[in-house]
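What follows is a single structure, written as structure tokens, with notes after it.
Side chains included, hydrogens not; waters and symmetry mates left out as well; all remaining heavy atoms used. As the structure is a prediction and not an experimental result, all values here were calculated from the model.
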Amino acid sequence: MLEEINRTESFLKKGEIILYPTDTVWGIGCDATDEKSVKRIFEIKNREESKSLIILVDSIEMLQQYIDEIPEDALKILKENKKPTTIIYNNPKGLAKNTIASDNTVAIRIPDDEFCKQLIKKFGKPIVSTSANISGEPTAKSFSEISNAILNSVDYVVDLHREKITQKSSTILRIDNGSVIVIRE
């Protein structure tokens with residue numbers, strides 16, 4: 001796995017696009033601080049830039065570098081939750097502008113996948129994680145369901161977990177004035 005982490009990181013450092021397994025579905029990713037790379041992801045997915053993307057960080061400590069005020073409810077969820085959960089945060093900083101929604105929010109998850117965590121830790125920056133499908137098409141539940149259009153558009157395909165089948169994407173929550181709102185179950 002270490003060799004695969006090193007190889008994948010080299011593509012991220014060059015501003016290139018990766019296709020990789022996460023704790024949920026296969027993701028298309030790049031450096032979440034690189035606006036040009038993020039723009040390519042929107043192009044690959046044929047998706048409007050007004051739609052937001054999910055960002056992965058390796059820890060609460062990394063999250064704190066990009067979000068000044070993490071609500072107490074969010075910290076509690078991050079520490080206690082056992083299933084993949086993405087939380088929408090207000091007023092992000094240091095991320096590519098095109099990862100941030102028009103209401104100045106960003107969706108961030110700490111993955112429970114060793115490859116993802118180690119890759120992000122080694123890279124030292126958050127990475128984008130958007131499902132490996134063209135916008136409007138069904139989400140691929142396994143590597144074998146990923147379209148050739150996606151496979152041929154990325155710069156590197158991670159050679160791990162290709163047999164894994166995932167049942168669902170992450171839960172998405174928004175915390176607003178102390179209320180936890182479920183956006184996607």
Side-chain angles (χ1 to χ4, degrees), residues 1-42 44-45 52-70 74-75 77-101 105-132 139-140 143 146 150 154-162 164 166 168-173:
M1 187 167 73
L2 184 58
E3 188 176 307
E4 198 60 35
I5 289 167
N6 291 337
R7 187 176 302 122
T8 307
E9 184 209 19
S10 73
F11 283 89
L12 290 172
K13 281 182 168 177
K14 291 186 282 189
E16 294 185 320
I17 309 302
I18 61 168
L19 178 64
Y20 66 108
T22 73
D23 53 336
T24 59
V25 297
W26 274 76
I28 302 172
C30 69
D31 177 348
T33 67
D34 181 341
E35 199 168 329
K36 198 169 140 191
S37 297
V38 173
K39 183 176 176 28
R40 260 195 73 208
I41 287 184
F42 282 109
I44 289 169
K45 286 187 63 80
S52 56
L53 300 169
I54 292 175
I55 307 295
L56 300 183
V57 296
D58 72 340
S59 62
I60 291 173
E61 292 73 30
M62 182 179 276
L63 176 65
Q64 291 169 328
Q65 294 174 39
Y66 299 92
I67 304 296
D68 276 333
E69 293 181 35
I70 301 171
L75 287 171
I77 290 165
L78 291 173
K79 290 174 183 169
E80 294 175 3
N81 212 7
K82 298 294 178 229
K83 61 183 181 178
T85 302
T86 300
I87 299 176
I88 298 172
Y89 297 94
N90 294 317
N91 308 314
K93 62 181 184 183
L95 296 169
K97 284 188 305 208
N98 48 356
T99 63
I100 301 167
T105 61
V106 67
I108 300 178
R109 182 170 85 246
I110 300 172
D112 186 27
D113 175 86
E114 208 50 42
F115 170 77
C116 285
K117 279 185 155 171
Q118 293 302 319
L119 174 63
I120 297 163
K121 185 179 189 76
K122 181 159 181 39
F123 185 52
K125 293 189 268 185
I127 59 175
V128 167
S129 180
T130 184
S131 57
T139 300
F143 180 79
I146 298 170
I150 296 291
V154 299
D155 300 303
Y156 183 66
V157 179
V158 171
D159 192 16
L160 291 173
H161 308 305
R162 293 197 179 179
K164 181 177 145 189
T166 308
K168 61 185 251 163
S169 304
S170 67
T171 297
I172 299 179
L173 304 176

Atom of [X], atom of [Y] and distance for their closest heavy-atom approach:
{"X": "Tyr66", "Y": "Gly94", "answer": "CE2-O, 3.7 Å"}
{"X": "Leu160", "Y": "Met1", "answer": "CD1-CG, 4.1 Å"}
{"X": "Leu12", "Y": "Cys30", "answer": "CD2-CA, 3.7 Å"}
{"X": "Pro126", "Y": "Val57", "answer": "CB-CG1, 3.9 Å"}
{"X": "Thr99", "Y": "Ala32", "answer": "CG2-O, 3.8 Å"}
{"X": "Ile60", "Y": "Ile110", "answer": "N-CD1, 3.6 Å"}

Task: cation_pi(Lys39, Phe42) dist<6.0 Å, angle<=45 - done: no
Open item on the list: Over 60° means perpendicular and under 30° means parallel, so tell me whether Phe115 and Tyr20 are parallel, tilted or perpendicular.
Closed with: tilted
Just so I know, are the side chains of [X] and [Y] near enough to count as touching, which here means a heavy-atom distance under 4.5 Å?
{"X": "Leu63", "Y": "Tyr89", "result": "yes"}
{"X": "Thr22", "Y": "Cys116", "result": "yes"}
{"X": "Ile41", "Y": "Asn98", "result": "no"}
{"X": "Glu3", "Y": "Arg7", "result": "yes"}
{"X": "Ile146", "Y": "Val157", "result": "no"}
{"X": "Ser131", "Y": "Lys45", "result": "yes"}
{"X": "Ile127", "Y": "Leu56", "result": "yes"}
{"X": "Val128", "Y": "Ile28", "result": "no"}

Task: Matching residue for Ile70 among Asn90, Leu75, Ile87, Ile108 - test: side-chain contact (heavy atoms from CB on, under 4.5 Å) - done: Leu75
Output the distance between atom [atom1] ([X]) and atom [atom2] ([Y]), rounded to the nearest 0.5 Å.
{"X": "Lys13", "Y": "Lys125", "atom1": "NZ", "atom2": "NZ", "value": "9.5 Å"}
{"X": "Ile100", "Y": "Ile55", "atom1": "CD1", "atom2": "CD1", "value": "8.5 Å"}
{"X": "Phe11", "Y": "Glu16", "atom1": "CZ", "atom2": "CD", "value": "6.0 Å"}
{"X": "Ile120", "Y": "Lys122", "atom1": "CD1", "atom2": "NZ", "value": "14.0 Å"}
{"X": "His161", "Y": "Phe143", "atom1": "NE2", "atom2": "CZ", "value": "13.0 Å"}

Task: Carboxylate-amine/guanidinium contact Glu114 Lys117, below 4.0 Å - done: no
Task: Residues Asp155, Lys14: salt bridge by 4.0 Å N-O rule - done: no
[X] side-chain N/O to [Y] backbone N/O, donor-acceptor pair under 3.5 Å:
{"X": "Thr33", "Y": "Asp31", "value": "no"}
{"X": "Ser129", "Y": "Ile54", "value": "no"}
{"X": "Thr8", "Y": "Glu4", "value": "yes"}

- [ ] Step through the shown structure and confirm whether more than 12 heavy atoms of other residues, nucleotides or ligands are within 6.0 Å of NZ on Lys79.
- [x] no
- [ ] Mark yes when over 12 heavy atoms from residues, nucleotides or ligands other than Lys121 sit less than 6.0 Å from its NZ; otherwise mark no.
- [x] no
Task: Polar side chain donor-acceptor pair, Ser170 to Thr86, under 3.5 angstrom - done: yes
TODO: Take Ile67 and Val106 through the side-chain contact (heavy atoms from CB on, under 4.5 Å) test and state the conclusion after the steps.
DONE: CA-CA 9 Å; Ile67 304 296; Val106 67; 3.9 Å; yes
- [ ] Determine the sole option in Asp23, Thr171, Thr85 for which the side-chain hydrogen bond (donor to acceptor under 3.5 Å, both in side chains) test with Arg109 is passed.
- [x] Asp23
